[in-house]
Amino acid sequence: MKTTIYYKVTFLTWWHCGSGQAAGADVDELSIKDSDGLPYIPGRTMKGLLLYACRQLEGYHFDGINENIINKVFGHYDGDEAGYPVKGEAFFSDMLLPSGDRRTIAGDKDLLAALYSSISATAIGDDGIAKDHSLRKIQVTAPCSLYGMIANVPADSLGILEEAMKYIKRIGLGRNHGLGRCKIELIETKES
């Protein structure tokens with residue numbers, strides 16, 4: 001029996017999930033956006049965070065979690081990392097704004113612009129002076145809620161993923177500097 005998990009990520013602070021692109025001299029790192037200019041988080045990001053949380057739980061000997069369960073959900077390499085990748089059973093969707101919000105914001109360029117801001121940071125040397133050429137600007141996204149889904153979850157892994165979600169408190173760049181603080185709520189599970 002397989003299950004689909006529906007969940008909500010509510011950001012409590014500004015956050016940044018990078019696109020790998022820059023805006024010339026203005027911003028060094030842009031936030032990832034869809035074709036309508038709206039923020040989202042790729043499913044692979046949640047997959048990686050949950051995999052890390054599951055590995056932590058495994059290290060704490062959490063009941064029911066082991067290497068076989070982790071490999072079944074997330075995939076693994078056959079042999080060592082030089083081996084062939086074996087796909088996991090679960091599918092992680094992108095996390096998106098709700099459809100009603102998407103239509104409203106995408107149709108209003110002022111609302112769209114209000115979703116983003118930029119922040120600056122610089123490295124400070126041991127002498128207390130800013131290091132040369134260390135000023136960086138990143139684009140951040142306003143606190144909001146995004147929704148995602150994990151499909152094809154093996155029945156014996158459902159509780160483990162639910163527990164792992166509790167361990168994710170921050171998402172994206174700058175997690176140690178106050179960005180990306182969030183809470184994840186399980187909305188519902190459905191057997192498929």
Quiz item: Do other residues, nucleotides or ligands put more than 12 heavy atoms under 6.0 Å from the CD atom of E188?
Solution: yes
Self-check item: Nearest non-hydrogen partners of A114 and A142, listed with the distance
Solution: O-CB, 4.3 Å
Quiz item: Mind checking whether L186 and I184 sit in one hydrophobic cluster, side chains of I, L, V, M, F, W, Y counted as touching below 4.5 Å?
Solution: yes
Quiz item: What closest approach, in Å, do D36 and L112 show between heavy atoms, and which atom pair accounts for it?
Solution: O-CD2, 3.8 Å
Quiz prompt | Pairwise side-chain contact, K47 with I150, heavy-atom cut-off 4.5 Å (strictly under) | solution = no
Practice problem: Measure across T13 and R181 and return the closest heavy-atom pair with its distance rounded to 0.1 Å. | Solution: OG1-N, 2.9 Å
Quiz item: Hey, is the main chain of Q139 close enough, under 3.5 Å, to the side chain of H16 for a donor-acceptor pair?
Solution: yes
Quiz item: If you measure from CG on L158 to CG on L161, what distance do you get to the nearest 0.5 Å?
Solution: 7.0 Å
Quiz item: Any side-chain heavy atom of E58 within less than 4.5 Å of one from I70?
Solution: yes
Exercise. Evaluate side-chain contact (heavy atoms from CB on, under 4.5 Å) for Y40 paired with L146, printing each intermediate quantity in order.
Key: CA-CA 7 Å; Y40 75 99; L146 303 175; 5.6 Å; no
Quiz item: Are the charged groups of K72 and E67 less than 4.0 angstrom apart, N to O?
Solution: no
Quiz item: Are the side chain of S93 and the backbone N or O of G148 linked by a donor-acceptor pair below 3.5 Å?
Solution: no
Self-check item: Electrostatic pair D94-R44, nearest N-O below 4.0 angstrom
Solution: no
Quiz item: With a 4.5 Å limit on heavy-atom distance, are the side chains of T4 and V153 in contact?
Solution: no
Quiz item: What pair of heavy atoms forms the shortest contact from I69 to N66, and how long is it?
Solution: N-OD1, 2.9 Å
Exercise. Begin with the C-alpha distance, continue with both residues' side-chain angles, and end with the deciding distance and a verdict on side-chain contact (heavy atoms from CB on, under 4.5 Å) for M95 and Y147.
Key: CA-CA 5 Å; M95 291 172 268; Y147 293 80; over 6 Å; no
Quiz item: Cluster question for you: counting only ILVMFWY and a side-chain heavy-atom cut-off of under 4.5 Å, with indirect links fine, are I5 and M149 together?
Solution: no
Quiz item: Can you name the one residue among P143, P39, C182 that meets side chain to side chain contact (heavy atoms under 4.5 Å, CB included) with W15?
Solution: P39
Exercise. Establish, yes or no, whether a centroid distance under 6.0 Å links the rings of F74 and F92.
Key: yes
Self-check item: Minimal non-hydrogen separation, S157 against V73, with atom names
Solution: OG-CG2, 3.2 Å
Self-check item: Check: C144 and L97 side chains under 4.5 Å, non-hydrogen atoms
Solution: yes
Practice problem: Apply the test side-chain contact (heavy atoms from CB on, under 4.5 Å) to residues C54 and I65: give CA-CA distance (whole Å), side-chain angles for both, the deciding distance (0.1 Å), then the verdict. | Solution: CA-CA 8 Å; C54 285; I65 192 166; 3.7 Å; yes
Exercise. For A53 and A164, work out which heavy atoms get closest and say how close.
Key: CB-O, 3.7 Å
Quiz prompt | Between OG1 on residue T189 and OH on residue Y7, distance to nearest 0.5 Å | solution = 14.5 Å
Quiz item: Do C17 and I171 come close enough that some side-chain heavy atom pair is under 4.5 Å?
Solution: no
Quiz item: Should L115 and L111 be regarded as members of a common hydrophobic cluster, given that ILVMFWY residues are connected when their side-chain heavy atoms come within less than 4.5 Å of each other, either directly or indirectly?
Solution: yes
Quiz item: Looking only at atom types and distance, does a side-chain atom of T45 sit under 3.5 Å from a main-chain N or O of I41, one as donor and one as acceptor?
Solution: no
Quiz item: Do M46 and Y167 belong to the same hydrophobic cluster, where Ile, Leu, Val, Met, Phe, Trp and Tyr are linked whenever their side-chain heavy atoms lie under 4.5 Å apart, directly or via other members?
Solution: yes
Quiz item: Does Y52 belong to the same Ile/Leu/Val/Met/Phe/Trp/Tyr cluster as M165, with side-chain heavy atoms less than 4.5 Å apart forming each link?
Solution: no
Self-check item: Cation over ring face, K33 and Y116, 6.0 Å, 45°
Solution: yes
Quiz item: Is a donor on one side and an acceptor on the other found under 3.5 Å between the side chain of K169 and the backbone of K166?
Solution: yes
Quiz prompt | Polar side-chain atom of N71 near backbone of H76 as donor-acceptor pair, under 3.5 Å | solution = no
Self-check item: Test side-chain hydrogen bond (donor to acceptor under 3.5 Å, both in side chains) applied to T10 and S145, step by step
Solution: CA-CA 4 Å; T10 302; S145 293; 3.2 Å; yes
